[in-house]
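Each remark here refers to the structure printed beneath this line.
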Amino acid sequence: MPTINRRFALKKVAACAVSTGAAAVFLAACSPKAASFQGVDVTGADYARDLPLTDQHGQRRSLKDFAGKVVVVFFGYTQCPDVCPTSMSELAEVKQALGADGERLQGIFVTVDPERDTPEVLKAYMASFDPSFIALRGTPEELAAVAKDFKIYYKRVEGSTPTSYTMDHSAGNYVYDPAGRLRLYHRYGSGAQALAADVRALLDEAGK
């Protein structure tokens with residue numbers, strides 16, 4: 001946050017005190033303006049606490065592994081025809097739009113279809129968007145536990161053959177600040193521009 005000239009600050013405080021005439025109004029008028037976000041502000045939420053799953057390279061992961069970065073988490077599956085590739089493409093677009101600060105953004109894709117989304121499939125899928133993005137998978141029990149913590153819905157919908165099923169699932173991005181705290185939820189369709197603005201705001205808030 002930029003330093004405020006002391007004389008200017010004192011004048012502003014005095015002006016506020018004269019104009020409000022009440023302590024509560026004075027505090028509201030003189031307090032620094034809170035950050036304005038494009039997504040849904042969920043700061044202080046007691047869910048979506050961690051992702052104890054395995055990445056596409058076989059490494060066990062946790063949100064604390066990405067300390068110092070804004071983390072964006074999306075749940076989906078690689079055979080999703082539209083929502084998932086659109087969301088991941090937008091996330092890659094956000095990283096490019098950030099320029100040098102793109103290195104401080106970590107994209108994480110959590111598969112809700114670990115049966116078909118093997119590590120090799122996930123490696124190829126992430127590479128098609130951005131090689132720095134991480135894909136996570138777990139056992140059915142691990143996935144169920146994480147989905148419950150994140151309040152994610154997913155359900156297998158049978159197809160014409162045993163392997164042609166699809167997955168119904170929640171669509172949206174969970175956004176964590178560089179301190180590892182859940183801050184925002186971006187609904188599907190919000191767009192890359194809105195997400196990029198919020199990522200920049202969180203990076204600015206943390207200081208560069």
Side-chain angles (χ1 to χ4, degrees), residues 37-39 48-114 116-138 142-143 146-147 149-150 152 169-208:
F37 296 112
Q38 304 293 312
R49 290 161 291 190
D50 203 359
L51 286 164
L53 299 169
T54 303
D55 71 16
Q56 70 267 42
H57 307 294
Q59 182 177 347
R60 196 70 174 174
R61 289 293 192 170
S62 172
L63 283 171
K64 64 183 180 182
D65 295 339
F66 311 105
K69 295 184 177 184
V70 170
V71 177
V72 180
V73 178
F74 178 82
F75 288 76
Y77 67 114
T78 63
Q79 296 194 39
C80 175
D82 42 33
V83 173
C84 300
T86 297
S87 296
M88 296 307 295
S89 293
E90 287 181 349
L91 189 52
E93 184 181 337
V94 169
K95 182 177 179 180
Q96 291 181 347
L98 291 171
D101 282 338
E103 296 303 314
R104 300 180 65 196
L105 170 67
Q106 180 61 60
I108 297 181
F109 176 88
V110 183
T111 179
V112 296
D113 185 19
R116 291 182 298 190
D117 288 346
T118 65
E120 291 305 316
V121 168
L122 291 172
K123 285 179 185 177
Y125 195 67
M126 291 299 99
S128 67
F129 299 106
D130 189 282
S132 73
F133 289 172
I134 299 256
L136 298 178
R137 68 190 299 271
E142 289 173 334
L143 175 59
V146 167
D149 183 37
F150 276 73
I152 284 292
H169 64 92
S170 304
N173 292 313
Y174 293 79
V175 186
Y176 295 78
D177 66 19
R181 298 170 299 192
L182 177 62
R183 299 295 301 278
L184 303 168
Y185 181 77
H186 269 252
R187 297 185 179 92
Y188 174 70
S190 298
Q193 185 175 353
L195 182 56
D198 281 352
V199 171
R200 286 193 186 96
L202 290 174
L203 289 174
D204 289 342
E205 181 183 278
K208 295 185 178 181

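What's counted below: heavy atoms across the whole structure, side chains too, no hydrogens, waters or symmetry copies.
Closest approach of Pro52 to Arg60, counting heavy atoms only: O-NH2, 2.8 Å. Taking every heavy atom of both residues into account, Asp198 and Gly39 meet most closely at OD2-N, 2.8 Å. Here the shortest heavy-atom pairing between Val121 and Arg116 reads CG2-O, 3.9 Å. Minimum heavy-atom separation, His169 to Cys80: NE2-SG, 4.3 Å.
Between Cys84 and Phe74, the closest side-chain pair of non-hydrogen atoms falls below 4.5 Å. In this structure, Val175 and His186 have side chains that are in contact, with non-hydrogen atoms separated by less than 4.5 Å. No side-chain heavy atom of Val73 sits less than 4.5 Å from a side-chain heavy atom of Asn173. Leu53 places a side-chain heavy atom less than 4.5 Å from the side chain of Glu142. When side chains are defined from C-beta on, Asp149 counts as touching Arg49, because their heavy atoms get closer than 4.5 Å. Two residues are said to be in side-chain contact when any heavy atoms from C-beta on lie closer than 4.5 Å; Asp117 and Tyr125 fail this criterion. Under the 4.5 Å side-chain criterion, counting only non-hydrogen atoms from C-beta, Met126 is in contact with Phe109. When side chains are defined from C-beta on, Pro85 counts as touching Phe129, because their heavy atoms get closer than 4.5 Å.
Once rounded to the nearest 0.5 Å, the distance linking CD of Gln193 with CD of Gln38 reads 8.0 Å. The distance from the CD atom of Gln96 to the CG atom of Leu91 is 10.5 Å, given to the nearest 0.5 Å. With rounding to the nearest 0.5 angstrom, the CD atom of Gln106 is 5.5 Å from the OG atom of Ser132. Interatomic distance, Tyr176 OH to Leu63 CG, rounded to the nearest 0.5 Å: 5.0 Å. For the atom pair CG (Leu105) and CD (Glu103), the distance works out to 9.5 Å, reported to the nearest 0.5 Å. Phe150 CZ to Leu143 CG: the interatomic distance, rounded to the nearest 0.5 Å, is 11.5 Å.
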Hey, mind stepping through Asp130 and Lys95 against side-chain contact (heavy atoms from CB on, under 4.5 Å) and telling me if it holds? CA-CA 9 Å; Asp130 189 282; Lys95 182 177 179 180; 3.2 Å; yes
Before you tell me yes or no, could you show the steps for Leu184 and Leu202 under side-chain contact (heavy atoms from CB on, under 4.5 Å), namely the whole-Å CA-CA distance, both residues' side-chain angles and the distance that decides it to 0.1 Å? CA-CA 10 Å; Leu184 303 168; Leu202 290 174; 4.1 Å; yes
Begin from the C-alpha positions of Thr54 and Leu136 and carry the test side-chain contact (heavy atoms from CB on, under 4.5 Å) through to its verdict. CA-CA 5 Å; Thr54 303; Leu136 298 178; over 6 Å; no
Trace of the side-chain contact (heavy atoms from CB on, under 4.5 Å) decision for Val94 with Leu98: CA-CA 6 Å; Val94 169; Leu98 291 171; 4.2 Å; yes
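Within a 6.0 Å radius of CZ in Arg187, other residues, nucleotides and ligands contribute 12 heavy atoms or fewer.
The backbone N or O of Ala135 sits less than 3.5 Å from a side-chain atom of Gln56, completing a donor-acceptor pair. Checked by atom type and distance alone, the side chain of Ser62 never pairs as donor or acceptor with a backbone atom of Asp65 at under 3.5 Å. The backbone N or O of Pro114 sits less than 3.5 Å from a side-chain atom of Arg137, completing a donor-acceptor pair. Asp55 contributes no side-chain N or O that, together with a main-chain N or O of Ile134, makes up a donor-acceptor pair within less than 3.5 Å.
A perpendicular orientation is assigned to the rings of Tyr174 and Phe75, their planes being inclined by more than 60° (bins at 30° and 60°).
Between Thr111 and Asp113, the side chains place no donor N or O within less than 3.5 Å of an acceptor N or O (distance only, hydrogens not considered).
Salt bridge absent: Arg200 and Glu205 never bring a charged side-chain N and a carboxylate O closer than 4.0 Å.
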